[in-house]
Amino acid sequence: NMLAPIEQSYAILNKYEVVVPRAETERLDTLNYEWQKVLNQSIVVQDHLIQIQPDFKDDLVAAVQKFQGDQQTFVADYTHKGPMVEGISPAEASDRVSIFQMRFDELWRRYVTYSGGEELFGLSQTDYPELGRIKKELSLLTKLYSLYNDVIKTVNGYYDILWKDVDIAKINSELLDFGNRCRKLPKALKEWQAFEDLRKTIDDFAESCPLLESMSNPSMLPRHWKRIADTTGKELDVDNDNFQLRGIMEADLLSSKEEIEDICIASVKEQDIEAKLKQVINEWSGHEVTFSTFKTRGELLINAADVGELMTLMEDSLMVLGSLMSNRYNAPFKPEIQKWVRNLSDTSEIVEKWLLVQNLWVYLEAVFVGGDIAKQLPKEAKRFGNIDKSWQKIMTRAHENTNLIFCCTGDETMSNLLPHLFEQLELCQKSLVGYLEKKRLLFPRFFFVSDSVLLEILGQASDSHTIQSHLLNVFDNIKSVTFNEKVYDQILAYSSREGETVQMQNPVMAQGNVELW
């Protein structure tokens with residue numbers, strides 16, 4: 001029946017003279033013969049199976065009986081010595097999972113084989129509910145302890161990392177992945193001790209990571225590590241190239257979390273304070289005094305304009321230092337901050353006094369150096385001579401130490417000498433004011449001119465012709481006087497702005513004190 005359709009197909013091909021390869025024709029001719037051989041062979045095999053079937057069946061029954069005993073032994077061992085026994089550590093439970101999984105895999109392979117044999121021989125299949133239960137438990141335990149072992153291995157590996165090589169970002173990423181895997185475990189596992197230990201291990205290390213990240217900041221200096229060591233009671237040799245993360249984790253960071261956080265925050269704040277302080281120090285290490293030439297005597301003056309700009313910058317620096325002084329984290333730098341506050345404040349006061357002394361010195365130098373007034377005030381002239389020498393000493397020292405801060409605060413020269421000079425100059429000025437007052441009382445028209453103009457008049461009194469430029473300041477409308485061409489100091493006439501000239505009946509000799517003639 002099976003070969004008839006094939007023979008019919010080839011018969012149709014032959015009828016219509018379709019060429020068929022010879023090899024196919026030969027195979028068609030032998031097809032019936034080959035099929036008959038297969039049928040005969042099957043009969044022989046069937047007869048043989050009938051003969052040996054009783055022996056195989058007996059062997060299967062015996063094997064199933066032995067398997068039942070082995071299964072009962074395994075279940076008993078699993079119940080009393082397996083990973084679910086109460087009181088064992090997660091590490092030991094993990095080892096037991098591996099051992100019992102191997103034993104179970106062998107039993108399960110036999111179970112599958114024998115169940116197939118029972119089905120083949122038409123026997124009732126033996127049920128093993130305990131094996132099914134244990135299979136589910138082992139599957140869950142394998143998931144749990146696989147993650148548990150991964151976490152423990154990884155976290156223990158963290159402890160061996162050199163502190164200088166710690167990558168907190170990488171550790172955070174791995175712990176986050178472990179945390180996600182932990183949350184995805186079946187709910188039935190979350191009541192087991194291994195799960196609690198696993199979660200605690202991940203959470204504890206994850207909680208330590210922010211601290212570790214803060215502690216790895218470059219702002220952490222030996223003094224900060226010493227404070228952490230004192231807080232935790234654990235010596236931390238972080239400067240050692242072989243120092244490992246283990247040394248820090250063994251310090252029980254979490255029990256002193258708040259204190260350590262404060263120390264790490266302090267290190268960052270202190271670094272900022274140090275940077276600002278260094279900026280102020282570096283800035284004022286570069287600011288120098290500039291000088292101006294005074295008459296033909298050389299650079300005896302400081303440049304008031306440049307110094308004024310520096311004083312503005314100094315106010316800004318003092319504001320920065322003031323904010324650093326009020327910062328609660330300034331303890332390591334407080335003496336240095338106080339020193340620079342003192343330096344800048346002292347410099348500001350000294351420069352202010354310096355400019356006052358300079359202005360007075362310039363004002364009085366024109367009076368007491370080479371002028372006629374010096375002859376009339378010999379005591380004050382002598383005093384000013386000493387002042388002048390001290391002033392030159394100050395300016396020589398300033399040229400040798402051009403840095404403004406060092407020049408003013410390097411020693412006590414400026415702070416001691418400038419107040420003394422100012423005091424002496426004020427005495428000279430006071431005497432000069434009294435001298436001018438006497439001159440005005442002798443010739444009241446001198447009240448119409450300022451001290452500086454009067455000083456110029458008196459200082460040039462030896463040359464009577466110099467009075468010409470001051471006449472309009474002293475008199476209402478006398479612009480000039482006419483001197484005798486032959487007698488140098490004899491005044492013959494005086495003229496107004498309009499050019500009107502009045503000849504004097506009695507010529508005046510402009511000699512002696514100007515207030516008299």
Side-chain angles (χ1 to χ4, degrees), residues 283-314 343-344 346-433 435-436 450-463 466 469:
E283 179 182 0
W284 287 101
S285 296
H287 287 313
E288 297 187 344
V289 183
T290 56
F291 303 94
S292 300
T293 301
F294 179 68
K295 298 181 180 178
T296 59
R297 297 185 62 182
E299 293 184 335
L300 288 181
L301 303 177
I302 56 173
N303 191 314
D306 291 348
V307 170
E309 292 179 3
L310 292 180
M311 291 301 97
T312 302
L313 294 176
M314 191 172 292
N343 284 347
L344 295 184
D346 291 349
T347 298
S348 179
E349 293 177 5
I350 288 171
V351 168
E352 184 179 354
K353 185 71 71 176
W354 198 349
L355 289 173
L356 288 174
V357 171
Q358 176 171 286
N359 292 335
L360 267 178
W361 177 81
V362 170
Y363 173 65
L364 296 176
E365 196 270 351
V367 176
F368 290 109
V369 176
D372 292 340
I373 298 176
K375 297 175 184 178
Q376 300 181 44
L377 297 172
K379 184 179 178 182
E380 281 69 23
K382 183 179 179 181
R383 177 183 284 120
F384 186 81
N386 293 330
I387 294 171
D388 191 68
K389 291 177 183 177
S390 297
W391 177 256
Q392 292 182 63
K393 177 183 176 183
I394 285 176
M395 297 309 295
T396 300
R397 180 181 176 279
H399 278 83
E400 293 172 354
N401 305 299
T402 56
N403 178 266
L404 180 61
I405 303 299
F406 185 78
C407 178
C408 293
T409 62
D411 55 35
E412 297 182 352
T413 300
M414 301 293 278
S415 59
N416 292 335
L417 192 53
L418 285 174
H420 173 70
L421 289 182
F422 186 71
E423 181 182 343
Q424 293 298 306
L425 285 167
E426 283 189 320
L427 289 176
C428 291
Q429 187 180 34
K430 185 177 181 181
S431 297
L432 185 61
V433 169
Y435 168 76
L436 296 178
S450 64
D451 286 354
S452 59
V453 173
L454 181 55
L455 285 171
E456 187 175 345
I457 293 172
L458 296 174
Q460 298 173 341
S462 58
D463 184 358
T466 59
S469 60

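When reading the values below, keep in mind they use all heavy atoms of this one structure, side chains included, and skip hydrogens, waters and symmetry mates. Computed from a predicted structure; not experimentally measured. All residue numbers in this chain count up from 1 along the given sequence.
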Return the [atom1] to [atom2] distance between [X] and [Y], rounded to the nearest 0.5 Å.
X    : Y    : atom1 : atom2 : result
L427 : K379 : CG    : NZ    : 9.0 Å
E288 : L310 : CD    : CG    : 10.5 Å
E423 : L425 : CD    : CG    : 10.5 Å
R383 : L364 : CZ    : CG    : 11.0 Å
Q424 : Q429 : CD    : CD    : 13.5 Å
L356 : W361 : CG    : CH2   : 15.5 Å

Kindly indicate whether the side chain of [X], heavy atoms from C-beta on, has any atom under 4.5 Å from the side chain of [Y].
X    : Y    : answer
S292 : I302 : no
L360 : E365 : no
L404 : M311 : yes
E299 : M395 : no
S415 : I350 : yes
V351 : V289 : no

[X] and [Y]: which non-hydrogen atoms are nearest, and at how many Å?
X    : Y    : value
F384 : C428 : N-SG, 4.1 Å
Q358 : L301 : OE1-CA, 3.3 Å
L432 : L377 : CD1-CD1, 4.1 Å
T466 : S469 : O-OG, 3.5 Å

Hydrogens and angles aside, do T290 and D306 bring a side-chain donor and acceptor to less than 3.5 Å of each other? yes

Distance-only donor-acceptor check, side chains N403 and W284, under 3.5 Å: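 There is no such pair between these side chains.
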
Please indicate whether F406 has more than 12 foreign heavy atoms, meaning atoms of other residues, nucleotides or ligands, lying under 6.0 Å from its CZ. no

Using a 6.0 Å cut-off, check whether atom NZ of K382 has over 12 heavy atoms from anything other than its own residue. no

Can D388 and K393 be counted as an ion pair, charged N to O under 4.0 angstrom? no

Main chain of [Y], side chain of [X]: is a donor-acceptor contact present, judged purely on distance under 3.5 Å?
X    : Y    : answer
S390 : N386 : yes
Q392 : L300 : no
T409 : I405 : yes
R397 : C407 : yes

Angle between ring planes, W354 versus W391, binned at 30° and 60°: parallel, tilted or perpendicular? perpendicular

